[in-house]
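Model, not experiment: these values are computed from the prediction. Letters A, B, ... mirror the listed sequences (proteins, then strands); counts begin at 1.
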Number of protein chains: 2
Amino acid sequence: MENNKITIHDIAKKLNINSSTVSRALNNSPRVTQKTKDKIIAAANEMGYQRNLLASSLRTSRTHTIGIIVPRISRHFFSSAIAGIEETAYEAGYHVFICQSLEQLEREQNLVNTLLANRVDGVMVSISMETENYDHFQGLKNRGVPLVFFDRHCDIPGYNTVLIDDFRAGFEATEHLIVQGCKNIAHLSGPQNVEIYKNRFKGYQKALEKYHIPFKEEMVFSSRLMEKDGAESAKSILALNTKVDGLFSANDVAAIGAMQYFKEKGIKIPHDIAIVGFSNEPISGIMEPSLTTIDQPGFEMGRLATNLLVSQIENKAKEIMKETIVLKPSLIERRSSIK
Amino acid sequence: MENNKITIHDIAKKLNINSSTVSRALNNSPRVTQKTKDKIIAAANEMGYQRNLLASSLRTSRTHTIGIIVPRISRHFFSSAIAGIEETAYEAGYHVFICQSLEQLEREQNLVNTLLANRVDGVMVSISMETENYDHFQGLKNRGVPLVFFDRHCDIPGYNTVLIDDFRAGFEATEHLIVQGCKNIAHLSGPQNVEIYKNRFKGYQKALEKYHIPFKEEMVFSSRLMEKDGAESAKSILALNTKVDGLFSANDVAAIGAMQYFKEKGIKIPHDIAIVGFSNEPISGIMEPSLTTIDQPGFEMGRLATNLLVSQIENKAKEIMKETIVLKPSLIERRSSIK
DNA sequence: CTGTTAGCGCATTCAC
DNA sequence: GTGAATGCGCTAACAG
């Protein structure tokens with residue numbers, strides 16, 4: 001039917017008015033009569049007009065788009081977070097540009113530049129496991145593009161951040177195992193440049209300390225916390241001289257990898273080894289209730305982070321404030337007692 | 001350090017040359033001396049120049065961005081497909097704008113318009129379960145924006161499509177159950193406006209026919225194939241007069257829901273009821289090998305669909321060809337025999 | 001090889 | 001309340 005590209009000029013010509021009026025009408029400016037507005041909007045619909053956001057953004061230097069960089073969209077936590085982000089962003093009139101770093105620093109760096117080149121109004125990041133410095137975020141700061149970290153944040157102060165209390169999560173997870181009777185508790189930890197893993201580890205140590213259980217270096221297995229890392233760590237755990245009877249994993253995926261390995265070896269969960277990991281709904285749901293998990297409120301974090309970002313974007317005139325929102329983790333016990 | 005917005009004019013001024021030359025140099029045009037190129041690139045880096053893609057795209061009417069609409073990014077099949085799409089797109093010099101319809105027609109319609117307004121160079125869609133007509137894709141055609149359907153396609157000819165042979169998948173799944181000794185095989189089916197579900201259903205019927213097993217309407221449970229739908233169907237299956245001993249589910253999620261329900265009720269899989277579903281790696285991996293699955297080559301489909309789309313985009317001068325690529329499904333048996 | 005000019009589509013001054 | 005003119009930053013056409 002309608003051909004290719006209809007511009008405000010085309011509809012102005014047809015109505016024998018000026019394109020500025022059309023522009024104003026379509027932006028619902030109060031400086032246009034309702035009558036002419038109606039006429040213009042009717043004509044626009046009829047002609048199949050569609051605003052060219054590129055031109056509009058070029059002119060206003062606002063894209064109403066926010067960029068988000070996560071390690072991997074298929075991870076349950078991140079897809080929940082994205083759901084929260086999209087919902088909130090949509091309500092505030094923003095679109096979301098979703099990007100995956102795939103845990104690679106180089107990709108993360110490129111993505112920041114891509115987002116910058118696309119002139120997004122703000123950026124939300126959960127850093128990759130390889131990210132140890134933050135130079136690549138400097139460009140955002142130079143351009144005055146608001147940035148919010150969520151979940152996997154950095155330890156440099158002065159950034160806006162939404163996170164959960166990971167120290168507390170680690171502490172409670174470990175305490176839970178201790179209270180249930182575990183004596184030798186191993187820990188699967190992640191790269192220490194990522195604050196969440198560092199803090200979960202600290203929580204683990206603190207819980208041991210509280211219950212006067214000696215901390216042993218060899219009980220901590222550091223890896224990138226993929227499924228196979230969990231399995232490998234499980235193998236190492238079985239090879240230890242000490243008989244391990246509890247395990248706290250710093251993420252969901254590694255916990256699952258470890259659990260699988262243990263099961264293959266005929267080890268009973270939680271009877272022989274009790275595990276506390278993090279929630280991963282699609283998987284948690286189909287497992288027998290052998291895993292106690294810590295819930296990560298991804299959706300909620302997404303919402304909060306987006307609100308924070310949007311308020312930064314829209315108050316850019318004022319000095320950008322630095323804010324940190326801390327959420328409480330919650331332990332989900334799938335059974336009344338472990339041992 | 002560097003301030004806000006540096007344009008090609010700024011760097012032209014600094015070097016006492018014309019901005020067109022700068023533009024040409026930055027686009028690596030052969031019509032600029034290597035010397036001046038080097039000089040310009042050096043200056044650009046030094047000044048922290050970053051191309052404004054909005055302006056560039058406005059001028060060239062090419063964004064080098066492709067939009068993709070899937071029902072839900074967290075679904076294993078789609079996240080694999082997205083991985084394939086991103087990889088291929090990146091190689092071809094395109095960015096990917098990922099959107100989720102969340103199985104809602106209205107969202108799908110809005111997303112098409114959003115992509116259009118953002119002037120993406122092409123679009124890839126796997127339709128929602130609610131999508132029964134295709135008017136909302138008309139705008140793409142009018143604008144000459146190439147469109148490729150993958151996996152969940154439509155039955156209207158004249159569109160580019162990448163799909164797997166779903167009839168064959170349904171047939172082989174059902175045949176597998178029959179050969180393993182199942183006599184009463186139920187089927188979990190999805191909305192029949194979605195071709196893949198229709199064809200899987202047809203394959204199921206054809207297999208029954210081949211083995212002279214009477215088809216019974218009450219053995220088919222139609223739903224939106226969510227996890228809870230699978231569970232509900234499982235409940236209905238147990239309430240039947242006929243004792244069902246085999247189940248073919250038209251997707252992975254419903255199969256998992258059904259399996260959980262059966263297990264809760266103490267029914268042994270596959271001894272009491274054998275199930276064939278579709279692969280869902282993160283979940284398949286942690287289950288005991290009780291589920292035979294059909295592999296959906298998401299990554300491969302993503303690659304193929306992207307290649308198809310890119311070739312359409314880049315040959316837009318010629319008439320747009322219509323092509324359908326059909327992939328073979330492959331049955332993955334996790335154990336040698338079921339019964 | 002490089003400079004000049006014009007315009008992509010829109011929003012925003014400034015007039016009236 | 002509406003029209004005319006200008007420019008966002010870039011690239012393409014045409015000169016030279």
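- When heavy atoms are screened at a 4.0 angstrom cut-off, B:I17 is found touching the sugar-phosphate backbone but no base atom.
- Along DNA chain C, the stretch of nucleotides lying under 4.0 Å from any heavy atom of chain B spans, 5' to 3', C:dC1 to C:dG9.
- One interatomic measurement links the two molecules: OH of B:Y49 to C1' of D:dG9, which rounds to 8 Å at whole-angstrom precision.
- Separating the NZ atom of A:K35 from the P atom of D:dG1 is a distance of 13 Å, rounded to the nearest angstrom.
- For the pair A:I8 CD1 and D:dA4 P, the computed distance is 14 Å after rounding to whole Å.
- B:S23 comes within contact range of at least one nucleobase, with a heavy-atom separation under 4.0 Å.
- The distance from atom CG of A:L53 to atom C1' of D:dC8 is 15 Å, rounded to the nearest whole Å.
- Annotation for A:E91: atom CD counts as buried by contact number, over 12 foreign heavy atoms lying within 6.0 Å.
- Between atom CG of residue A:L115 and atom CG of residue B:L53 there is a gap of 11.0 Å, rounded to the nearest 0.5 Å.
- Taking the ring axis of A:Y159 as reference, the NZ or CZ atom of A:K141 stays within 45° of it and closer than 6.0 Å to the ring centre.
- For B:F137 and B:F149, the distance between ring centers is under 6.0 angstrom.
- To the nearest angstrom, P of D:dA13 lies 14 Å from CG of B:N27.
- Listed by first and then second residue, the salt bridge (charged side-chain N to carboxylate O under 4.0 Å, His left out) pairs involving residues 11-25 of chain A are A:K14-A:E46 (not counting sequence neighbours).
- With hydrogens and angles ignored, the 3.5 Å screen pairs no side-chain donor or acceptor of B:S23 with any backbone N or O of B:S19.
- Counting only heavy atoms from C-beta on, A:T21 has its side chain closest to D:dT2 among D:dT2, D:dC10, D:dA5.
- Using a 4.0 Å heavy-atom criterion, one finds that A:T36 contacts the sugar-phosphate atoms exclusively.
- Within the 4.0 Å cut-off from OP1 or OP2 of D:dT6, not a single side-chain nitrogen or oxygen of A:R59 is found.
- Side chain to side chain, B:T131 and B:S128 meet the donor-acceptor criterion of an N or O pair below 3.5 Å.
- End-to-end axis angle of the helix from C:dC1-D:dG16 to C:dC16-D:dG1, from C1' rotation axes over five pairs per end: 40° (rounded to 10 degrees).
- A:R51 and A:N27 share a side-chain donor-acceptor pair at under 3.5 Å.
- Nucleotide D:dG9 holds its P atom 14 Å from the CG atom of A:L116, rounded to whole Å.
- Mapping B:R31 and B:L58 onto DNA chain C by nearest heavy atom places B:R31 at the nucleotide closer to the 5' end.
- Separating the CG atom of A:N28 from the P atom of D:dG1 is a distance of 14 Å, rounded to the nearest angstrom.
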Salt bridge (Lys or Arg N to Asp or Glu O under 4.0 Å) between A:E195 and A:R152: does it pass, once the steps are laid out?
-> CA-CA 7 Å; A:E195 284 292 292; A:R152 294 214 207 143; over 6 Å; no
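- Nucleotide D:dG9 holds its C1' atom 19 Å from the CZ atom of B:R62, rounded to whole Å.
- Summary of the strand contacts: B:S19 and A:S56 both lie near DNA chain C, and taking for each the nucleotide with the nearest heavy atom, the more 5' one is attributed to B:S19.
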Salt bridge (Lys or Arg N to Asp or Glu O under 4.0 Å) between A:E103 and A:R72, intermediate numbers included = CA-CA 7 Å; A:E103 305 285 10; A:R72 199 160 244 128; 5.1 Å; no
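- Nearest nucleotide to the side chain of B:S20, out of D:dA12, D:dG3, D:dG1: D:dA12.
- For A:R24 against D:dG3, a side-chain N or O and a base N or O form a donor-acceptor pair under 3.5 Å.
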